[in-house]
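Notes follow once the structure below has been shown.
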Amino acid sequence: MPSAQTKILWLRKTLRIHDNPTLKACMEDASTVLPVYVLDKWHSNPQNVGDVRFEFIMESLRNLDEKFKKCGVDAGVIFVRGEPEKVLPKIWEAVDAKAIGFDTSEEAEKHSQKTDEDVAGLANKADVKVIDEPAHWMHPPGLYERHMNGGEVPTTMSSFETLFSQCGSVREPLSAPKSIPYDKGTADKALDAIRKALDVEDLTVPKSGDNKFYKGLKREQRKLRFPGGEDEALKRLEKVVEKQPDWVASFEKPKTAPTGLEPQTTVLSPYLNAGCLSLRRAWHAVKKAEKDAKGKPTQPPTSLAGQLLWREHWLTIGYFTEEDISKMKGNPLARQIDWDWDNDAKELFAKWEAGETGYPFIDAIMTQLREEGWIHHLARHMVACFLTRGDCFVSWEKGFDVFDRLLIDADWSVNSCNWMWLSCSAFFYQYFRCYSPISFGKKWDPDGDYIRKYVPALKDMPKKYIYEPWKAPREVQEKAKCIIGKDYPERIIEDHTATSKENMNRIKEDYDLSSSTVK
DNA sequence: GGCCGTGTTGGGAAT
DNA sequence: GATTCCCAACACGGC
């Protein structure tokens with residue numbers, strides 16, 4: 001009875017076959033492994049997941065589909081729509097699956113934990129074994145938990161590093177399987193049963209150019225600057241890490257420019273986030289590069305290894321904090337700050353999001369974010385400071401939403417923690433350290449080439465005025481074919497220096513208030 | 001992984 | 001060759 005050994009691999013954030021312990025566990029004693037991706041309502045909605053981020057997932061799935069097929073999984077990835085807790089039980093019943101594999105460490109999001117629990121609960125009831133093999137982190141959550149000894153999750157990098165080292169060395173990544181158990185007769189019957197149970201014809205991953213699919217979701221299919229997929233991830237790892245050990249060993253994050261027309265960092269984050277690349281694989285590649293390099297490697301937190309530690313650090317905070325850390329209220333980590341949300345603030349926010357602040361550096365960054373789905377870490381600092389404590393005094397939660405929708409590396413925990421950091425709500429409190437939208441970019445890019453690329457209206461503005469075009473005399477604006485107020489917007493904040501000073505005082509008041517009420 | 005004003009210093013050109 | 005001046009490049013501290 002071949003169906004007795006059919007197992008379902010529920011794909012979410014581990015969109016790869018290398019170093020995939022859940023896949024490996026599913027393969028044991030299985031005659032057929034059926035990989036399933038469930039596109040839920042939340043991810044379908046362009047208001048939650050923007051077109052670029054969505055396409056990154058779709059490309060990753062298409063690549064994974066190919067890879068499964070090459071391993072003998074004839075049907076490739078089974079692509080269905082609906083809510084996992086509703087769809088998956090129908091599938092395991094239809095195919096008489098004995099087990100379902102998924103990684104509960106993958107997502108710290110509170111709503112995902114609920115979905116995970118629901119799916120696991122229903123599986124238990126149906127006598128379907130749940131295979132939970134943590135794949136997404138360097139160390140599994142349970143290992144951190146043991147070493148936390150019932151204590152709180154670390155909230156500083158140095159305490160996290162201690163915890164990380166107590167967990168021992170990072171396990172070596174598993175290699176990708178050459179073939180995956182698949183019995184075509186069983187699988188074909190299973191697919192038919194799934195079609196019947198879900199009342200759908202097509203179970204394949206939508207192809208590139210499938211207009212019906214994209215239109216149905218009210219989406220435009222986007223051409224990506226950073227293509228999704230495991231093959232792309234491994235290619236990039238090879239290019240930026242394995243083949244340039246000296247660069248890896250000398251890497252210091254704060255010294256990389258946010259304005260590079262070619263990224264000055266690795267851009268591995270989208271691949272790590274979607275699980276196209278295993279963190280353990282990346283970790284060992286970085287460690288090997290450090291060893292192979294001529295000079296002494298730089299150290300965390302600014303080194304490349306340090307960047308992987310930051311990710312892991314934020315993931316543990318999201319996972320081990322019971323409350324929703326993407327919100328300010330009820331968030332034990334976040335300082336309570338009286339952000340503005342009147343009509344003026346709403347307008348500032350809308351202009352910020354649209355890249356129409358009248359500050360060229362801000363607008364260039366927001367345009368790159370919208371068009372390409374990735375921006376440099378310090379560019380994130382710049383626009384986050386501007387939206388929150390620096391200029392607009394809008395809550396970091398609003399910025400979180402925009403980043404969550406637009407970034408191809410959007411991770412719920414990482415994103416929450418970084419927004420709290422930049423807005424001086426948690427982890428970092430030096431509110432008088434404020435980024436200037438004029439001088440910050442100039443340091444790296446005095447000619448303003450970055451601005452010229454992403455804000456074409458300013459392409460012919462002389463270097464002298466590229467960061468402050470409102471200062472250009474009328475005849476200069478005319479010559480550059482860029483009249484401020486007509487071809488490029490007026491500033492939404494007239495005086496950055498004065499406004500940021502006022503805002504510093506407001507943060508200070510909130511700080512004083514919270515320190516007098518707490519304790 | 002601030003910014004800015006102020007102060008110091010050290011090399012190079014002019015005298 | 002010694003002196004002066006200029007200014008870029010840092011360093012520091014207050015916000």
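Chain naming here is simple, since letters A, B, ... match the order of the sequence lines and numbering starts at 1 in each.
Within the model, atoms NZ of A:Lys13 and CG of A:Asp103 stand 10.5 Å from one another, a figure rounded to the nearest 0.5 Å. With rounding to the nearest 0.5 angstrom, the CD1 atom of A:Ile375 is 7.0 Å from the CD atom of A:Gln368.
Panel note: side chain A:Glu490, backbone A:Gly358; no donor-acceptor pair is recorded below 3.5 Å. A distance-only check finds a donor-acceptor pair linking the side chain of A:Gln477 to the backbone of A:Ile484 [under 3.5 Å].
Rounded to an integer number of Å, the gap from A:Lys443 NZ to C:dC10 P is 14 Å. One can place CD of A:Gln430 at 13 Å from C1' of C:dG14, the figure rounded to the nearest angstrom. Taking atom CZ of A:Arg433 as the reference point, atom C1' of C:dG13 lies 13 Å away to the nearest angstrom.
From the 5' end on, the contacts that DNA chain B makes with chain A at under 4.0 Å to a non-hydrogen atom open and close at B:dG1 to B:dC4.
No side-chain donor from either of A:His377 and A:Thr265 sits under 3.5 Å from a side-chain acceptor of the other.
As judged by a 4.0 angstrom heavy-atom cut-off over every strand, A:Thr302 is placed among the base-contacting residues. Looking at heavy-atom distances under 4.0 Å, A:Tyr435 makes contact with sugar-phosphate atoms alone, never a base.
C:dG1: glycosidic angle beyond 90° from 0, hence anti.
Salt bridge absent: A:Arg16 and A:Glu230 never bring a charged side-chain N and a carboxylate O closer than 4.0 Å.
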